[in-house]
Each structure stands twice: as structure tokens, then as C-alpha cells.
Amino acid sequence: MQPLFENKKGLITGVFNKQSIAWAISEQIFSGGGICGFSYMPDKPDDERKKNFSRVSKLIEGNPQAVFVHPMDVTKDEHVENLMAVAKEKLGGLDFLLHSIAFAPPDDLNGDTIDTSRAGFKLAMEISAYSLIALARAARDILNPGASILTLTYYGGERPVPGYNVMGVCKAALDSIVKYLAFDLGARGVRVNALSPGPLQTISGRGAGVDEMLGLYEAMAPLGRNITHEETGRCGAFLLSEMSSGITGEILHLDGGYNIMGSPGRMLDQIKAARS
Ligand SMILES: NC(=O)c1ccc[n+]([C@@H]2O[C@H](COP(=O)([O-])OP(=O)(O)OC[C@H]3O[C@@H](n4cnc5c(N)ncnc54)[C@H](O)[C@@H]3O)[C@@H](O)[C@H]2O)c1
């Protein structure tokens, strides 16, 4: 079998550091022979050490398969357009595009959904859901036939997960956007899917209450364990590659089976033991 990403080029958004899901997926793309360009969240003008840029640059230092690192704040149309212009210049066309971006103001994320502020809701939706539309539209003219777009979602968009709050509402919108974009771009042979991993230790994950969720998944999921960064990388690479060529508009759960459960499963034994 030829390497999964031989002669394939694409754009990766959302690498913050080594723990980022986008980085786990990039590592798999690199090992499959793919070429990537990266965007990163622009550093604040007063950050002389340019921490965001430095972190991503260090990760790809000396890697000939990583061809550029370019700043992009997804709330700014000119940033998104500029990123696509750089991608066109350096990569030609895109065979894959990874959207791995989310944000909600901490006060809104940590408060009950009923207390979500209007401004916090708008910002969270813009960065975590609308941004997929913005990126897909800006990339439209440079997506190669058969190209694959992938975003990252979470089960909290399908069922209430206390603590996930406004981000769950954003993920519900994102899941729907995946399906509408899959239809819009399907005529051009372009696919759009979402990967829905269980909790993983990342900067964003910790902000959304991952620490408490890890124990719950271990106790409740049919597999009796949490998923790993490497598994997330492999599944993401699968959905971005031609291996998944017949799949579009799909939300793929990578959670040890947690989402299929209709009861706390083996956790019931612990509950029974505590009550006896
Ligand atoms: N960690 C988990 O447990 C988990 C589970 C399921 C889904 N996800 C999703 O995976 C995706 C990636 O998150 P992660 O866990 O790798 O955390 P992460 O913090 O490493 O990645 C989030 C990225 O979003 C970027 N970002 C935020 N605001 C932005 C903006 N305005 N413009 C451009 N980029 C911006 C950040 O710079 C960062 O690179 C998110 O959509 C998250 O909701 C995470």
C-alpha cells in the first residue's frame, strides 16, 4: 500500500502546542508522506517573545514536509483570505484542510448555559462554528477534486454535558454546518466531516472540564478506558485521506463507545456497591 498522504498537500489550523489535537493529526500526515502548511493564532503586539509563533515554529523546525507557518485569527476575514493566498502560493491546491479551532470566554464557559452573555455567545459561535464556513469558503477555489475538510466536535453538542455549556451549543451548530457544507461541496467531490473525540488533555480541553471527564469515560465507556492523542491523530488522518473517500457529512465518535451507552454501564456496579 502506498503511503496515505503521498503527493498530498494541505492546511492545518489550530496547533497551539504539542498537546493540540491538530498536532496529533499532523504527525500522522507527516508519517504518511504529506506536506503541510500551518496557521497559528497571531501573537499580541506587546508579546515580544512571540510565544504562539515560536511554539509552532519549534515543532516543525527542520521538517521539510512543513512548508509555512502563517498567522490567522479566524474572526478576521482578511486573515483568512491572506492565509489561503499563502496556501495557494506555497502549496498550489489543497488536498486536505483541518479546522481545529474553538474558543468561549471562560466566564461564559464556566457559568450555567442560562447565564451565557450575549457577547460571549456571539464570540464563541463565531470562533467555534462560523469559522468552519469562513475557512471552507475562502478555500473553495483552491480545493483539489476529492479534497477533504475535517473539523473537531464533541458529544456535548448532541446531549447536554454539564460544564460544557455554551460550547455544547456551538458544537451543535458546528455539527449542522458539517452536514450543510458536505452538501454544498459534494458536487465538486469535496468531503466535509467531523471527528468527535472523547476528553483529551489539551489547553482547550482543560478549560472545558476535561479533568473530571477522564474518570467518567474510563468508568462508563464500553472499552473501559480513555482514547489517546495518537488514536485521535490516526482517525483524523483517516478522515482527511482518500481511505475515507466515500464518507461525507459524518460525525465520527472516537470515545471508546461512551456515546452509545443508555445507562452508566459498569459504573452501576460502583453505585450499587456504594449503596449496599
Ligand atoms: N481536548 C478535548 O478533549 C477535545 C474533545 C473533543 C473536541 N475537541 C475540539 O478539538 C479542537 C482543538 O482543540 P484542542 O483540544 O486541540 O485544544 P488547543 O487549545 O490545542 O486548540 C485550539 C486551537 O484553537 C485556536 N484558536 C482559538 N481562537 C482562535 C481564533 N480566533 N483564530 C484562530 N485560532 C483560534 C487556538 O489558538 C488553538 O490552536 C477544538 O475544536 C475542541 O473543541 C477537543
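Whatever order the structure lists ligands and atoms in, that order sets their numbers, starting from 1.
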Side chain or backbone, does [X] bring an N or O within less than 3.5 Å of an N or O on ligand 1?
X      : result
Ser20  : yes
Thr75  : no
Ala22  : no
Thr153 : no

Provide, to 0.1 Å, the distance between [atom] and the closest protein heavy atom, together with that atom's residue and name.
atom                    : result
atom 10 (O) of ligand 1 : Leu152 CB, 3.3 Å
atom 37 (O) of ligand 1 : Met41 CB, 3.5 Å
atom 40 (C) of ligand 1 : Ala102 CB, 3.6 Å
atom 22 (C) of ligand 1 : Ser204 OG, 3.4 Å
atom 31 (N) of ligand 1 : Asp73 OD1, 3.0 Å
atom 4 (C) of ligand 1  : Ile21 CD1, 3.8 Å
atom 26 (N) of ligand 1 : Ile101 CG2, 3.8 Å

Please compare [options] and report which has the shortest non-hydrogen distance to [atom].
atom                    : options                       : result
atom 23 (C) of ligand 1 : Ser128, Ser39, Ser100, Ala194 : Ser100
atom 2 (C) of ligand 1  : Leu200, Leu214, Thr232        : Leu200
atom 41 (O) of ligand 1 : His99, Lys171, Arg206         : Lys171
atom 39 (O) of ligand 1 : Ser196, Gly236, Gly14         : Gly14

Considering only NZ, NE, NH1 and NH2 on the basic side and carboxylate oxygens on the acidic side, decide whether Glu81 and Arg137 come within less than 4.0 Å.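 Salt bridge absent between Glu81 and Arg137.
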Salt bridge check, Lys50 against Asp47: does any charged N sit closer than 4.0 Å to a carboxylate O?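 Lys50 and Asp47: not salt-bridged.
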Can you sort out which atoms of ligand 1 are near [X], meaning under 4.0 Å from one of its heavy atoms?
X      : result
Tyr154 : 6 (C)
Ile203 : 19 (O)
Phe16  : 20 (O), 38 (C), 39 (O)
Pro197 : 5 (C), 6 (C), 7 (C)
Met72  : 32 (N), 33 (C)
Pro199 : 3 (O)

Assess the side chains of Asp108 and Thr116: does a donor N or O sit below 3.5 Å from an acceptor N or O?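 No, no side-chain donor-acceptor pair sits under 3.5 Å.
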Compute whether any side-chain donor of one residue and acceptor of the other, for Arg49 and Ser54, lie under 3.5 angstrom apart.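 Arg49 vs Ser54: no donor-acceptor pair found between side chains.
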Do Phe96 and Phe5 have their ring centres less than 6.0 Å from each other?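 Yes: the rings meet the under 6.0 Å criterion.
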Does the ring center of Tyr40 lie less than 6.0 Å from the ring center of Phe53?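 Tyr40 vs Phe53: aromatic centres under 6.0 Å.
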Indicate, as side chain, backbone, both or neither, the part of [X] found under 4.0 angstrom from ligand 1 when only non-hydrogen atoms are considered.
X      : result
Thr202 : side chain
Val74  : both
Val15  : backbone
Val210 : side chain

In this structure, which one of Leu143, Thr248, Leu181, Leu97 forms a side chain to side chain contact (heavy atoms under 4.5 Å, CB included) with Val190?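 By the side chain to side chain contact (heavy atoms under 4.5 Å, CB included) criterion, Val190 pairs with just one of Leu143, Thr248, Leu181, Leu97: Leu143.
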Okay, side chain of [X], backbone of [Y]: is any donor-acceptor separation there less than 3.5 Å?
X      : Y      : result
Arg191 : Leu150 : no
Ser39  : Pro71  : no
Ser128 : Cys170 : no

If you count heavy atoms of other groups shown closer than 6.0 angstrom to CE of Met243, is the number above 12?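 No, because the 6.0 Å sphere around CE of Met243 holds 12 heavy atoms or fewer from other groups.
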For atom CD of Glu242, decide whether the heavy atoms of other residues, nucleotides or ligands shown that lie under 6.0 angstrom number more than 12.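 No, not enclosed.
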Kindly state if atom 29 (C) of ligand 1 has a protein heavy atom within a strict 4.0 Å cut-off, that is, under 4.0 Å?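 Protein heavy atoms within 4.0 Å of atom 29 (C) of ligand 1 - there is at least one.
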Run the contact test for Gly198 against ligand 1 with a 4.0 Å cut-off on heavy atoms, strictly below, and give the result.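 Yes, Gly198 has heavy atoms under 4.0 Å from ligand 1.
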Is any side-chain heavy atom of Ser20 less than 4.5 Å from a side-chain heavy atom of Thr202?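 Answer no - side chains too far apart.
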Indicate yes or no: at least one non-hydrogen side-chain atom of Leu135 is less than 4.5 angstrom from one of Met72.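 Yes, close enough: below the 4.5 Å cut-off.
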Cys235 side, atom SG; Asn193 side, atom CG - distance, nearest 0.5 Å: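 Between Cys235 SG and Asn193 CG, I get 11.5 Å after rounding to 0.5 Å.
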For Ala104 versus Ala124, what's the shortest heavy-atom pair and its separation?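 So the two residues come closest at CB-CB, 3.8 Å.
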